[in-house]
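Everything on this sheet refers to the single structure shown next.
In each ligand, atom 1 is the first atom listed, and ligand 1 is the first ligand listed. Numbers here are sequence positions counted from 1.
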Amino acid sequence: MTCASCAARIEKGLSRLEGVTSASVNLTMETARVEYNEAVIAVGDVMSKVDQLGFHAELHKEMSQLGDQRESGLRKLKLRLLVSALLSLPLLLAMADHFAFASFLHIPGWFMNPWLQLGLATPVQFVIGAPFYIGAYKALRGRSANMDVLVAIGTSAAYFYSLVETLSSLSMGMHSVELYYETSALLITFLLLGKLLEALAKGRSSQAISALIGLAPKQAVVIREGIEVRLPIDEVQPGDFVAIKPGEKIPVDGTVLEGSSSVDESMLTGESFPVQKQAGDPLIGATINGNGQLVMRATKVGKETVLASIIRIVEEAQGSKAPIQRIADVISGIFVPIVIGIAAVTFLVWYFALEPGAFPEALRKAIAVLVIACPCALGLATPTSIMAGSGRAAELGILFKGGEHLERAHLIDAVLLDKTGTVTEGKPKLTRYQVEPGFEQDEVLRLVLTAESSSEHPLGEAIVAGLREQGLERAAEVETFAAIPGFGIEARIEGKELLVGTRRLLAQHRVELADLSSIEQLENEGHTVVLAAVDGVYAGFLAVADRIKPTSRAAVEALQALGLEVVLITGDNASTARAIAEQAGIRTVLAEVLPEGKAEEVKKLQARGLKVAMIGDGINDAPALATADIGMAMGTGTDVAIEAADITLMRGDLSSIPEAIALSRKTLSNIKQNLFWALAYNAVGIPIAAAGWLAPWVAGAAMALSSVSVVLSALRLQRFRK
Ligand SMILES: Nc1ncnc2c1ncn2[C@@H]1O[C@H](COP(=O)(O)OP(=O)(O)OP(=O)(O)O)[C@@H](O)[C@H]1O
Ligand SMILES: [Cu+]
Ligand SMILES: [Mg+2]
């Protein structure tokens with residue numbers, strides 16, 4: 001593919017196939033993504049459609065193989081450029097001889113020999129330039145026109161005109177003919193130079209993904225029957241015990257069994273401080289062990305690992321389209337025919353009106369128009385920015401699932417933050433408990449411990465862990481158990497009816513509450529207090545507290561400085577929520593929101609005309625994440641949340657949110673600048689060329705430079721700083 005119009009043509013052709021639901025072609029990555037119904041159409045049919053359109057498709061390979069392919073492509077391109085330049089140089093010198101300022105060059109007369117010039121120009125035109133003809137032929141056969149068509153028409157016109165002149169020199173004598181071989185040869189040389197520079201720059205834009213691929217560990221030391229064996233990474237199975245020496249790369253995902261160490265996870269999460277790990281903590285493959293020795297149990301290997309899924313997400317994001325690209329697609333789709341029209345008019349006006357009869361002069365001006373008008377920079381503007389922007393984001397631990405989200409994130413007006421695990425650490429601890437007089441303390445606590453053992457809620461887990469530390473054991477049998485999302489739990493144990501949860505839960509069961517002052521006091525300090533009732537009588541409370549993440553406050557302030565409304569949303573009670581909000585610097589609080597209510601709150605804000613970002617980590621956040629204009633999940637959160645979100649924050653804290661938004665703003669303005677300059681360049685270039693102020697080869701060089709400058713401008717995004 002050479003231009004955006006090639007990509008558009010393939011896309012159109014594929015999406016018209018029966019059984020294909022969507023097709024999207026990426027010019028920069030040279031990939032297509034097709035969704036189709038296997039019952040109706042096979043991959044083979046999709047690929048042969050591509051061939052039929054005049055291109056060629058292969059099934060997507062690993063990115064590392066694509067790298068090799070790119071390398072050999074570059075080598076061929078360099079060779080073509082070199083040969084083309086060597087053959088064109090004498091033609092350039094011959095042309096220079098026409099100019100007085102170059103008279104010091106003393107060009108020998110035989111340079112002017114038409115037959116020599118023909119011999120130099122012909123291989124450039126038809127061997128080096130063959131791909132332009134092939135591309136043009138395929139485009140025309142597919143009933144469309146692209147950059148190749150423009151180049152083929154322009155260079156052929158100059159070449160064949162000169163050829164006719166050369167033949168006429170047989171009868172008219174050598175020095176009476178005027179030749180323009182250098183026009184086509186130099187043009188082709190400059191186009192190749194542009195292509196080479198563009199390819200080099202494009203290679204740099206995929207740097208982020210190659211870096212990620214390069215992280216993949218190759219070997220692991222697996223403990224089999226007590227002996228350590230070094231195995232290739234593919235042979236590690238989930239459940240294997242793996243030994244990790246100090247300074248080594250952690251081979252796969254897993255959990256620490258023995259030992260403790262600090263682990264550098266910066267390559268995946270963007271978090272620069274090493275993370276302390278001990279028994280029970282998760283380890284991510286491809287991160288680097290610090291000074292300690294660790295033994296881990298492998299849980300995920302191969303394509304299941306965090307690294308593999310990051311690579312997949314980044315690849316998809318880089319290959320996906322941003323909605324703004326539609327502008328470029330539409331424009332470049334109609335550009336080529338219009339340009340041919342303008343070139344024809346230029347020729348006619350010069351030939352018949354301005355300089356009647358001066359055929360070669362009119363021809364040159366028309367060729368310059370054809371070349372300068374080529375919309376190739378326009379087609380490159382969006383995809384290269386998206387690639388550079390999402391690649392840079394990945395390095396910062398921000399995974400955008402698609403170019404669309406990268407474009408849209410800057411529109412956000414309001415940010416809804418889930419409390420537990422998002423603003424707070426998500427590691428609640430039991431801080432206090434109190435059992436009413438008249439109840440046997442250990443008896444009540446034992447019942448609570450027993451009931452909460454069946455709960456998966458982090459509060460339940462915190463209560464269980466806290467009470468175990470007090471030396472309590474669970475009772476034998478749980479007769480019935482029910483979790484009531486957003487309220488608490490209900491259980492029958494040893495014939496006793498037990499309720500643990502919010503005030504609302506107890507109120508629903510008409511439990512009368514005693515003095516609440518100490519509870520309110522704790523809530524105002526940010527503790528979550530759950531109440532317990534035994535057989536319908538209030539029996540006491542347990543308080544649990546979770547610290548806010550050290551980075552939360554600064555991140556909230558950064559968001560507010562960006563002009564965003566920050567809202568805390570939680571199922572917890574209002575006093576606790578307000579206390580946490582205050583610690584984090586959040587002014588608006590939505591508390592006691594039932595799990596299914598979070599998505600409702602998102603909709604309410606949207607109804608006010610706000611673009612809402614939801615940030616969460618839990619399963620119960622998933623509907624809200626999906627409803628929000630942008631959903632962001634903590635990389636440390638549940639898979640369900642990550643699945644539902646548009647952006648994953650690998651670092652697991654809020655500081656990535658302002659970065660994501662800032663990066664989105666930067667990327668979008670980068671795209672707009674690129675589109676503007678690409679269009680401005682054509683808009684300015686066409687009249688200059690039509691006026692006859694541009695030699696065709698200068699137009700070619702200018703066009704090549706415009707593509708290169710667009711790519712280089714997109715690469716600026718790689719230097720985005722936090
Ligand atoms: N297993 C449980 N044991 C005791 N209380 C519970 C339990 N599950 C829920 N609750 C009560 O219900 C309330 C709401 O729970 P929910 O899961 O909706 O929100 P949350 O986890 O407190 O906060 P967030 O929405 O920020 O995650 C809790 O604050 C707690 O009082
Ligand atoms: Cu072009
Ligand atoms: Mg929760």
Side-chain angles (χ1 to χ4, degrees), residues 416-428 430-431 433 444-445 447-467 478 481-491 498-509 513 519-520 522-523 526-533 539-549 552 567-581 583-584 586 589-602 614-625 633-634 636-638 640-641 654:
L416 279 184
L417 301 170
D418 166 58
K419 179 173 71 77
T420 318
T422 303
V423 175
T424 67
E425 300 269 15
K427 290 178 199 138
L430 182 65
T431 49
Y433 50 79
V444 172
L445 295 178
L447 289 175
V448 171
L449 167 64
T450 310
E452 291 287 13
S453 304
S454 306
S455 163
E456 277 164 9
H457 199 280
L459 279 178
E461 286 170 13
I463 291 173
V464 170
L467 292 177
V478 181
F481 172 86
I484 307 149
F487 291 91
I489 55 174
E490 224 184 305
L498 182 70
L499 292 171
V500 187
T502 61
R503 254 175 263 178
R504 274 194 288 179
L505 175 72
L506 268 63
Q508 276 177 359
H509 289 79
L513 297 179
I519 293 176
E520 276 159 8
L522 281 166
E523 285 178 346
H527 298 243
T528 299
V529 182
V530 298
L531 312 180
F541 70 81
L542 300 101
V544 170
D546 192 4
R547 268 182 315 174
I548 74 164
K549 291 176 190 169
S552 291
V567 180
L568 183 74
I569 185 163
T570 177
D572 212 339
N573 74 81
S575 319
T576 311
R578 227 174 293 121
I580 296 287
Q583 287 174 36
I586 302 171
V589 176
L590 295 169
E592 288 165 51
V593 181
L594 295 180
E596 63 273 18
K598 288 186 178 175
E600 285 305 316
E601 294 296 335
V602 170
M614 168 77 199
I615 294 91
D617 68 324
I619 297 174
N620 62 346
D621 298 324
L625 288 170
M634 293 288 152
T636 47
T638 56
V640 182
L654 303 181

Can you name the atoms of ligand 1, numbered from 1 with element, that are less than 4.0 Å from a heavy atom of [X]?
X	value
Gly488	5 (N), 6 (C), 7 (C), 8 (N), 9 (C), 10 (N)
Thr570	23 (O), 24 (P), 25 (O), 26 (O)
Glu452	1 (N), 2 (C), 3 (N), 4 (C)
Asp418	24 (P), 25 (O), 26 (O), 27 (O)
Val530	4 (C), 5 (N), 31 (O)
Lys419	26 (O)
Lys598	24 (P), 25 (O)
Phe487	10 (N), 11 (C), 12 (O)

Would [X] count as a polar contact of ligand 1, with the cut-off being nitrogen or oxygen pairs under 3.5 Å?
X	answer
Ser455	yes
Val529	no
Asn573	no

Sorted by chain and number, sequence neighbours left out, salt bridge (charged side-chain N to carboxylate O under 4.0 Å, His left out) with Glu490 holds for none
Indicate the atoms forming the closest heavy-atom contact of Val464 with Ser453, along with that distance.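 Heavy atoms of Val464 and Ser453 come nearest at CG2-N, 3.7 Å.
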So, for Thr431 and Ala545, which heavy atoms are closest and what is the spacing to 0.1 Å? CG2-CB, 3.6 Å
Exam field: side chain [X] to backbone [Y], donor-acceptor pair closer than 3.5 Å:
X	Y	result
Ser575	Glu523	no
Asn620	Pro595	no
Glu601	Ile569	no
Asp617	Thr422	no
Thr576	His527	yes

Under a heavy-atom criterion of less than 4.0 Å, does Gly501 contact ligand 1? yes
Less than 4.0 Å is my threshold; does some heavy atom of Glu592 fall inside it relative to ligand 1? no
Would you tell me which option among Asp572, Leu531, Ile619 has the nearest heavy-atom contact to atom 22 (O) of ligand 1? Asp572
Take Thr570 and Val593, measure what side-chain contact (heavy atoms from CB on, under 4.5 Å) needs, and give me the verdict at the end. CA-CA 6 Å; Thr570 177; Val593 181; over 6 Å; no
Applying a heavy-atom cut-off of 4.0 Å, say which part of [X] lies close to ligand 1: side chain, backbone, both or neither.
X	answer
Leu459	side chain
Ile489	side chain
His457	side chain

Can you tell me which residue pairs pass the salt bridge (charged side-chain N to carboxylate O under 4.0 Å, His left out) test with a partner in residues 567-581, sequence neighbours excluded?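 Only Lys419-Asp572 qualify under salt bridge (charged side-chain N to carboxylate O under 4.0 Å, His left out).
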Would you say that Val444 contacts Tyr433 through its side chain, given a criterion of any heavy-atom pair below 4.5 Å between the two side chains? no
